[in-house]
Amino acid sequence: MFLFDIPKTGFTSIVKNTYTISENDKNKLLEYIDKVDNTNKDFKKTEMLSHTLNDVDTELKENQDEIKVLTENNEALSLKVITLSKNIENKNEEIKELKQENKHLGEMIDYFKNLFNRLVKFIKNKMFGKEKEREKYWEFSKDLYNHGIFSDDTITNIKDDYTWNKENDKHKDKELDRDDFGI
């Protein structure tokens, strides 16, 4: 037996503020209550799902803006990578050209260094010659030094040969004099 505060029609045996219902009505009433409970639970689930969907929709809208910004940044970075790659290719080509030019300049330096060394050797060899020729090449060497063509070391080296040859000429002259006199 169920107690209700709300009177219903079709009930039998009414007692003061108490009603009695049949088993069939009781079952119908319990079914109805179960249906209402299930409907309320479904409604709560639907309401929760609706809130969740609204939250997801809001988050998607927020993320969509962020995704748009990130996509634009990615595209800008891709363009920058392409530009930098082209710059690297250009610089590599420039480096290759500079290496060839450097090699060519190195060959030219070697050529002129060899030429300079041969000039110095030529002048030094002339220092072994006759005294007038030696003096002429010594004066020529000093002119080259005064005009900045010969360095201090080079002119010192040539001067040492000049001095040594000049002193040896004195010894040669003494030997010639001895030979002339039979000494």
Rounded to the nearest 0.5 Å, what separation is found between the [atom1] atom of [X] and the [atom2] atom of [Y]?
| X | Y | atom1 | atom2 | answer |
| --- | --- | --- | --- | --- |
| Asn114 | Ile109 | CG | CD1 | 13.5 Å |
| Glu139 | Tyr162 | CD | OH | 7.5 Å |
| Phe43 | Ser50 | CZ | OG | 9.0 Å |
| Glu72 | Leu70 | CD | CG | 9.5 Å |
| Ser78 | Asn73 | OG | CG | 10.5 Å |
| Leu53 | Leu60 | CG | CG | 10.0 Å |

- Query: Would Phe140 and Phe122 show up in the same hydrophobic cluster when neighbours are defined by side-chain heavy atoms closer than 4.5 Å?
  - Reply: yes
- Message: Side-chain heavy atoms nearer than 4.5 Å, only ILVMFWY residues, links allowed to pass through others: does that put Ile82 and Ile88 together?
- Response: no
- Verify side chain to side chain contact (heavy atoms under 4.5 Å, CB included) between Thr163 and Glu167, making sure each step is shown before the conclusion. CA-CA 6 Å; Thr163 305; Glu167 287 176 11; 3.6 Å; yes
Is [Y] close to [X] at the side-chain level, that is, under 4.5 Å between some pair of heavy atoms?
| X | Y | value |
| --- | --- | --- |
| Trp138 | Ile123 | no |
| Leu49 | Lys45 | no |
| Lys103 | Gln100 | no |

- Task: Spell out, as yes or no, whether a donor-acceptor pair under 3.5 Å connects the side chain of His147 to the backbone of Asp143.
- Result: yes
- Using modelled atom types only, decide if a donor and an acceptor are shared between the side chain of Asp25 and the backbone of Ile21 within a distance under 3.5 Å. no
Salt bridge or not between [X] and [Y]? Use side-chain N to carboxylate O under 4.0 Å.
| X | Y | answer |
| --- | --- | --- |
| Asp57 | Lys61 | yes |
| Glu31 | Lys28 | no |
| Glu23 | Lys26 | yes |

- Query: Which one of Val56, Asn63, Asp55 satisfies the side chain to side chain contact (heavy atoms under 4.5 Å, CB included) criterion with Glu59?
  - Reply: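 Checked Val56, Asn63, Asp55 against Glu59; only one passes side chain to side chain contact (heavy atoms under 4.5 Å, CB included): Asn63.
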- Message: Could you report the tightest heavy-atom contact between Ile155 and Ser141, atom names first, then the distance?
- Response: CD1-O, 3.5 Å
- Task: Decide side chain to side chain contact (heavy atoms under 4.5 Å, CB included) for Phe150 and Val120; before the verdict, give the C-alpha distance in whole Å, the side-chain angles of both, and the deciding distance to 0.1 Å.
- Result: CA-CA 9 Å; Phe150 281 165; Val120 170; 3.9 Å; yes
- Just wondering, more than 12 heavy atoms not from Gln64 lying within 6.0 Å of its CD? no
- Item | Contacts of Tyr32 that satisfy side-chain contact (heavy atoms from CB on, under 4.5 Å) - sequence neighbours left out | Val36
- Message: Using side chain to side chain contact (heavy atoms under 4.5 Å, CB included), reason through Glu135 and Lys166 one step at a time and then give a plain yes or no.
- Response: CA-CA 10 Å; Glu135 294 300 322; Lys166 199 170 182 181; 4.0 Å; yes
- Task: Just do the side chain to side chain contact (heavy atoms under 4.5 Å, CB included) check on Thr154 and Tyr145 with the steps written out, would you?
- Result: CA-CA 9 Å; Thr154 303; Tyr145 174 74; over 6 Å; no
- Message: Asn157: which residues meet the side chain to side chain donor-acceptor pair (under 3.5 Å) condition with it, sequence neighbours left out?
- Response: Lys124
